[in-house]
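Each chain gets a letter, A, B and so on, in the order the sequences are listed, and its residues count up from 1.
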Amino acid sequence: MNLFSHMLGLVAKALDELAAEGKVASGLDVSRITAEPPRDPSHGDVSTNAAMVLAKPAGLAPRALAELIAGKLTGHADIAAVSIAGPGFINLKLSDAVWPKFLVSLLEQGARFGESRLGAGKKVNVEYVSANPTGPLHVGHCRGAVFGDALAALLTATGFDVTKEYYINDAGAQVDVLGRSAFLRYREALGEDIGEIPAGLYPGDYLKAVGQALAAAHGDKLTKLPEEQWLPVTRAKAIDMMMDLIRDDLAALNIRHEVFFSERSLHESGAVDRVVSGLENKGHIYVGRLAPPKGEVPEDWEDREQTLFRATAFGDDVDRPLKKSDESFTYFASDVAYSADKISRGFRELVYVLGADHGGYVKRLQAVATALAGEGKVDVVVRLCQLVKLFRNGEPVRMSKRAGEFVTLRDVVDEVGPDVVRFMMLHRKNEAPLDFDFAKVTEQSKDNPVFYVQYAHARICSVLRNAGTEGFDGIDPHTADFSLLQDEAEMALVRRLAAYPRLLESAALAHEPHRISFYLFELASEFHALWNKGKEAPQLRFILPAQRLLTITRLAFLTAIRYSMANGLNLLGLTPVEEM
RNA sequence: GCGCCCGUAGCUCAGCAGGAUAGAGCACAGGUUUCCUAAACCUGGGGUCACAGGUUCGAAUCCUGUCGGGCGCGCCA
């Protein structure tokens, strides 16, 4: 039950009735109307801007229209009072019966509380991580990985039909380098002294296992072949094993993609050829010259003709090359084919989670989707994640790529645990830089938001356990009398719970899972406050053996809070802690 | 030169779908425990929402411009 969309519905109904009576125009655009909790609780439970938004199209003064709408709402069973305030806000005070009904429905929904059909089954593809299969994931991949995963879960919970996808960049020069690096490790595994890894090859120890596997499978056969024959073998094996490594790393963070899509397969199936000639037939491709970028001109710039996609016709800043000077396709060409494949699979929205250094991709991805599917057919949503700065006790953690000293995703997860990583990665807006201090995130204090939220959940579980030993066993929400919840701290929590479904919807529409993390922090804060209030005022304690009905009610209330908290944590991919 | 992101309290950041008097944590000062986890809570000061215009009944939020910071700009993926 979403109280706010319920109230929005009543407002819309009131407008329909007024239109039927000829008091306002019919067919007004109601899309900009909101029903939301007012910032100041003294204004009531729900506030709507309907009169202000519709005043002009209705040809009425805001307050006059507000009077008309208010007249229709007055007397409804769920509404205790209607008032008009300020420039034309309509403030609703809900009747006493609404909150108990809400809490009962929350408890009935349980683990599904907060879910909605907002997305109406729209097919959404969320592509995230998509790191090159040339080694283990490093810490820089953490944020996009967690963000994409939480976003996918959020969209799923709000009624979108989501596919979680990973694009494997297994074509091109970088995986050739990988294949050569693996070949070297293969010779090493056969007993050869390979000395220093030459510059230009991947030095990481993680390729030793690939070399050993190749040696076990092929003996010294490959050494007798020319490169064009052994490279496909070592490359394929290395990619395979690197992808296993990456899948393991992701699993350690509780991330599981549904589709792993191979770039190479697009070339081998001819999909790239097909999509390029398709664009050619539509006239979106031409041969021409690009102007060098202004400002710093690259030293090796060489003016030349190339095959270009007319991206500027679809809002991009420059046209994008499809073929390299050796006539092979560019990475961008396979990207086009990949977009086409996603579109052909029926996705109406393509979400890309990328690093902030990929900001330049946004327009070209949108341009491609428009050129392939037509204007407005497919939404392209690109979410950029800023860098994570690692600290240890306030000191920056230095990483040297040259020396191969980089902190892997696995290092971080092994040290602090997946829940801490996930929560912290989501406790900032994605486009804001994020500081991650190993010491702070494992601290057991309120300075550490992960702990603070988990502690609140554990405290609730603790009360429920204690209640069992006090003779309060099963909790039937229908025997609780929620009208007994009268304290302001209790009501604040009830209102906070009621905001959860709306929060999920707005977070989903904005593609901003971090809002859930902040919501959980606030919910925890209000719970801790209520808990401590019980120290000063024993009447507010949860377990009062002498007052059976009140205790049952409060236990049911706690269970409701617990659902909201657990559901939010689960959505972010954390396991709610029952005991600390 | 062009494009994208960011600019909110001393610090780190929220600000929900344009709403009413802009919030939280840290830091600083003080207080709370015979009692469900004090691993917590309460009280207090602190703001030209970078700046200037515009749209609107209403702007931290949308648009334009300026300043400041980050990222990117053909034949890498």
Side-chain angles (χ1 to χ4, degrees), chain A residues 31-34 36-40 43 47 49 51-53 55-56 61-63 85-89 91 130 132 134 169 171-175 263 289-296 298 300-304 306 308 316-321 323-326 328 330-332 334-335 355-363 382 384 386-387 427-429 431-433 435 443-449 451-452 455-456 458-459 462-467 470 499 502-503 505-507 509-510 512 514-515 518-519 521-522 525 528-536 538 541-544 579-580:
Chain A
S31 63
R32 286 179 55 226
I33 300 180
T34 59
E36 57 189 10
R39 193 168 296 158
D40 184 346
H43 288 139
S47 174
N49 61 358
M52 293 176 290
V53 170
K56 191 172 274 183
R63 291 192 68 110
F89 287 102
N91 293 327
S130 296
N132 287 341
T134 52
N169 298 131
Q174 291 190 10
V175 285
E263 179 192 1
R289 296 169 188 276
L290 282 180
K294 297 271 166 68
E296 259 183 70
D300 57 347
W301 180 270
E302 161 197 347
D303 190 34
R304 73 174 191 90
Q306 47 191 347
L308 296 162
D316 201 356
D317 303 314
V318 289
D319 293 334
R320 303 289 173 183
K323 287 187 178 175
K324 305 179 195 172
S325 41
D326 66 358
S328 66
T330 60
Y331 177 76
F332 176 71
S334 38
D335 239 17
D357 54 342
H358 287 63
Y361 283 60
V362 179
K363 287 183 181 177
V382 182
L384 302 173
Q386 267 291 352
L387 294 177
H427 205 57
R428 279 281 176 276
K429 233 175 350 197
E431 67 263 29
D435 292 348
E443 199 171 282
Q444 306 221 324
S445 81
K446 64 167 304 194
D447 299 352
N448 175 3
F451 170 79
Y452 187 76
Y455 181 41
R459 266 184 156 176
S462 167
V463 178
L464 296 176
R465 277 194 303 273
N466 288 330
E470 300 258 1
R502 183 172 180 272
L503 173 96
E505 291 193 347
S506 57
L509 287 175
E512 291 187 350
H514 76 274
R515 293 188 194 179
F518 283 91
Y519 171 86
F521 187 81
E522 286 161 3
S525 171
H528 285 308
L530 176 63
W531 177 288
N532 276 78
K533 226 173 158 182
K535 292 182 181 303
E536 308 254 310
R541 293 165 63 82
F542 302 114
I543 302 174
L544 299 167
E579 206 170 351
M580 303 183 93

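Atoms CG (A:D335) and P (B:C76) sit 15 Å apart, rounded to a whole Å. Rounded to an integer number of Å, the gap from A:R320 CZ to B:G3 P is 14 Å. Across the protein-nucleic acid pair, A:K533 atom NZ and B:A40 atom C1' stand 16 Å apart, rounded to whole Å. Atom-to-atom, NZ of A:K535 to C1' of B:C36 comes out at 8 Å; the value is rounded to the nearest Å. Rounded to whole Å, the distance from CD on A:E512 to P on B:C6 is 10 Å. Between A:Y361 atom OH and B:C71 atom P the separation is 16 Å, expressed in whole Å. Following rounding to the nearest Å, A:R515 (CZ) and B:A24 (C1') show an atom-to-atom distance of 17 Å.
Counting any heavy atom pair closer than 4.0 Å across all strands shown, A:V53 reaches a base atom. A:E536 comes within contact range of the sugar-phosphate backbone alone, with a heavy-atom separation under 4.0 Å but no base atom that close.
Each of A:I543 and A:Q386 was matched to the nucleotide of RNA chain B holding its nearest heavy atom; the match closer to the 5' end belongs to A:I543. For the pair A:S506 and A:L530, both in contact range of RNA chain B, the more 5′-proximal nearest nucleotide belongs to A:S506.
Residues passing the ring pair (Phe, Tyr, Trp, His ring centres under 6.0 Å) test with A:Y452 are A:F521, A:H528, sequence neighbours excluded. Residues meeting the side-chain hydrogen bond (donor to acceptor under 3.5 Å, both in side chains) test with A:D435, sequence neighbours left out: none.
Nucleotides B:A27 and B:A9, compared at atom C1', are 12 Å apart to the nearest Å. Separation of the C1' atoms belonging to B:G74 and B:C2 is 15 Å when rounded to the nearest angstrom. Rounded to the nearest Å, the gap between the C1' atom of B:C57 and that of B:A52 is 24 Å.
If you check B:U37, B:C35, B:A40 against the side chain of A:S462, the one that comes closest is B:U37.
For the OP1/OP2 pair of B:A38 and a distance below 4.0 Å, the side-chain nitrogens and oxygens of A:K446 include no atom meeting the criterion. Within the structure, a side-chain polar atom (N or O) of A:K56 is placed less than 4.0 Å from OP1 or OP2 of B:C57. In this model, the phosphate group of B:G15 is approached by a side-chain N or O of A:H514 to a distance below 4.0 Å at OP1 or OP2. For A:R39 and B:A20, the shortest distance from a side-chain N or O to OP1 or OP2 is below 4.0 Å. Under 4.0 angstrom from either OP1 or OP2 of B:C62 there lies no side-chain N or O belonging to A:R32. Contact check, A:Y452 against B:U37: no side-chain N or O comes under 4.0 Å of OP1 or OP2.
Contact of A:S334 with B:A77 (side chain to base): no donor-acceptor pair of N or O atoms is detected under 3.5 Å. If you check distances only, the side chain of A:D447 never reaches the base of B:A27 with a donor-acceptor pair under 3.5 Å. Scanning atom types as modelled, no donor and acceptor separated by under 3.5 angstrom connect the side chain of A:N132 and the base of B:A77.
In this structure, the aromatic ring of A:H43 is positioned over the six-membered ring of the base of B:A20, centres within 5.5 Å and planes within 30°. In this structure, A:F521 forms no aromatic stack with the base of B:A24, since the conditions of centre separation below 5.5 Å and plane angle below 30° are not both met.
The shortest distance between side-chain heavy atoms of A:N91 and A:S47 falls below 4.5 Å.
A pairwise comparison of heavy atoms in A:L384 and A:G355 identifies CD2-O, 3.6 Å as the closest pair.
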